[in-house]
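Position 1 is the first residue of the sequence, and the numbers go up from there. Bear in mind the structure is a predicted one, so any value in this text is a computation, not a measurement.
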Amino acid sequence: MIITSLYAGLLAFIFLALSARVVAVRGRVSLGDGGDPEVLRRMRGHANFAEYVPLILVMMALLEYQQLAAWQLHAIGATLVFARLIHGIALSFTRKWFFGRFFGTVLTFTLLATCGILCVVQGLRGIGLI
């Protein structure tokens, strides 16, 4: 799992930055976001990353295990890093950066669907249905 490991490591640094951004404002509220829009934005940037990245990485690892072409894995990994970076910046570091939020979301959803389709195809091949 060399390729997936590379991208998991890079994504860990983005997650660490998003986590630190939440911790930096956490003292303002006792629970939840306390109605503070900046705390909410940072929390959602962090949570959104945590909601999508693990599943895509798991599918990527499965595809690597099943020997998907290295260029395809790098395309998935690089796109995921870029998508989550611009989305994280849009939510956690800015008040309104439409480009980052919109295209980060679109790219993430595209990867989710693409990896899902590739996993289904690999599974069907594995059981001899295609």
Side-chain angles (χ1 to χ4, degrees):
M1 302 289 165
I2 294 167
I3 297 172
T4 302
S5 295
L6 168 66
Y7 293 104
L10 293 172
L11 289 158
F13 290 112
I14 297 171
F15 193 61
L16 181 62
L18 294 172
S19 299
R21 299 273 301 161
V22 172
V23 170
V25 295
R26 202 58 152 132
R28 294 184 196 175
V29 297
S30 61
L31 183 63
D33 61 38
D36 184 322
E38 183 179 4
V39 174
L40 176 60
R41 225 178 28 258
R42 290 183 186 197
M43 286 175 60
R44 285 308 312 149
H46 178 260
N48 193 278
F49 187 102
E51 292 162 359
Y52 290 100
V53 170
L55 179 57
I56 295 172
L57 280 175
V58 165
M59 289 189 289
M60 189 176 165
L62 292 169
L63 292 167
E64 184 172 0
Y65 177 76
Q66 295 176 15
Q67 299 179 338
L68 188 71
W71 72 267
Q72 291 173 302
L73 292 165
H74 282 295
I76 292 166
T79 303
L80 183 58
V81 168
F82 177 71
R84 298 324 302 172
L85 183 63
I86 64 172
H87 190 271
I89 290 169
L91 277 182
S92 185
F93 288 81
T94 68
R95 289 180 188 229
K96 278 190 175 180
W97 185 37
F98 176 78
F99 176 88
R101 189 163 183 195
F102 178 78
F103 286 104
T105 300
V106 167
L107 288 172
T108 300
F109 285 5
T110 300
L111 287 173
L112 192 59
T114 299
C115 289
I117 290 166
L118 289 170
C119 282
V120 168
V121 168
Q122 294 288 59
L124 291 174
R125 279 190 187 138
I127 60 175
L129 291 178
I130 58 170

Trainee: Test of understanding: with side chain to side chain contact (heavy atoms under 4.5 Å, CB included), list the residues that count as partners of Leu112, not counting sequence neighbours.
Mentor: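 Side chain to side chain contact (heavy atoms under 4.5 Å, CB included) check on Leu112 returns Tyr52, Leu55, Ile56, Met59.
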Trainee: Heavy atoms only: give me the nearest Ile3-Met60 pair and the separation to one decimal.
Mentor: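 Closest pair (atom of Ile3, atom of Met60, distance): CG2-CE, 4.0 Å.
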Trainee: What pair of heavy atoms forms the shortest contact from Thr108 to Ala83, and how long is it?
Mentor: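 Here Thr108 and Ala83 meet closest at OG1-CB, 3.7 Å.
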Trainee: Does Phe109 belong to the same Ile/Leu/Val/Met/Phe/Trp/Tyr cluster as Phe49, with side-chain heavy atoms less than 4.5 Å apart forming each link?
Mentor: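 Same cluster.
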Trainee: Output all residues satisfying ring-ring contact (aromatic ring centres under 6.0 Å, His included) with Phe102, sequence neighbours left out; order by chain, then residue number.
Mentor: Phe98
Trainee: Which pair of non-hydrogen atoms, one from Gly100 and one from Ala90, has the smallest distance, and what is that distance?
Mentor: C-CB, 3.7 Å
Trainee: Listed by chain and number, what are the salt bridge (Lys or Arg N to Asp or Glu O under 4.0 Å) partners of Arg42, not counting sequence neighbours?
Mentor: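 Listed in chain order: Glu38.
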Trainee: Between Gly45 and Leu91, which heavy-atom pair has the shortest distance, and what is it?
Mentor: CA-CD1, 3.6 Å
Trainee: What's the shortest heavy-atom distance between Pro37 and Gly35, and which atoms?
Mentor: CD-O, 3.3 Å
Trainee: Side chain to side chain donor-acceptor pair (under 3.5 Å): which pairs involve residues 120-130, sequence neighbours left out?
Mentor: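 Qualifying pairs: Gln122-Arg125.
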Trainee: For Arg21, enumerate each residue passing the side chain to side chain donor-acceptor pair (under 3.5 Å) test, keeping only those at least two apart in sequence or located in another chain.
Mentor: Ser92
Trainee: Mind checking the CG-CG spacing from Leu11 to Leu16? Nearest 0.5 Å is all I need.
Mentor: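 Nearest 0.5 Å value for the CG-CG distance: 12.5 Å.
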Trainee: Can you check side-chain contact (heavy atoms from CB on, under 4.5 Å) on Val53 and Phe15, steps first, answer last?
Mentor: CA-CA 10 Å; Val53 170; Phe15 193 61; over 6 Å; no
Trainee: With sequence neighbours excluded, tell me which residues meet side chain to side chain contact (heavy atoms under 4.5 Å, CB included) with Phe103.
Mentor: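 Partners of Phe103 by the side chain to side chain contact (heavy atoms under 4.5 Å, CB included) criterion, ordered by chain and then number, come out as Ile86, Phe99.
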Trainee: Indicate yes or no for a side-chain donor-acceptor contact from Arg41 to the backbone of Thr94 under 3.5 Å, with no hydrogens or angles considered.
Mentor: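 Yes, Arg41 side chain to Thr94 backbone: donor-acceptor pair under 3.5 Å.
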Trainee: Using the ring-ring contact (aromatic ring centres under 6.0 Å, His included) criterion, which residues pair with Tyr7? Sequence neighbours excluded.
Mentor: His74
Trainee: Could you measure the distance from the CG atom of Leu118 to the CG atom of Leu68? Nearest 0.5 Å is fine.
Mentor: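 If we round to the nearest 0.5 Å, Leu118:CG and Leu68:CG are 6.0 Å apart.
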Trainee: Side-chain heavy atoms under 4.5 angstrom apart, residues restricted to Ile, Leu, Val, Met, Phe, Trp, Tyr: same cluster for Trp97 and Phe82?
Mentor: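 In one cluster: yes.
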Trainee: Are Asn48 and Arg84 close enough that some pair of their side-chain heavy atoms sits under 4.5 Å apart?
Mentor: yes
Trainee: Which residue is it: Leu111, Leu85, Ile14, Leu10? I am looking for the one with a side-chain contact (heavy atoms from CB on, under 4.5 Å) to Leu80.
Mentor: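 Of all the options given, the one that passes is Leu111.
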Trainee: If you compare all heavy atoms of Val29 against all heavy atoms of Asp33, which two are closest, and at what distance to 0.1 Å?
Mentor: CG1-O, 3.2 Å
Trainee: How would you list, by chain and number, every residue that makes a side chain to side chain contact (heavy atoms under 4.5 Å, CB included) with Ile2, sequence neighbours excluded?
Mentor: Glu64
Trainee: Output the rest of the hydrophobic cluster of Leu62: all Ile, Leu, Val, Met, Phe, Trp and Tyr residues reachable through side-chain heavy-atom contacts under 4.5 Å, sorted by chain and number.
Mentor: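 Besides Leu62, the cluster holds Val58.
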Trainee: Which pairs pass ring pair (Phe, Tyr, Trp, His ring centres under 6.0 Å) with one or both residues in residues 110-130, sequence neighbours excluded?
Mentor: none
Trainee: Measure the shortest side-chain to side-chain distance between Lys96 and Arg101 over non-hydrogen atoms and say whether it is less than 4.5 angstrom.
Mentor: no
Trainee: With clusters built from Ile, Leu, Val, Met, Phe, Trp and Tyr whose side-chain heavy atoms come within less than 4.5 Å, directly or transitively, what are the remaining members of the cluster of Val121, listed by chain and number?
Mentor: Ile117, Val120, Leu124, Ile127, Leu129, Ile130
Trainee: With sequence neighbours excluded, tell me which residues meet side chain to side chain contact (heavy atoms under 4.5 Å, CB included) with Ser5.
Mentor: Met1
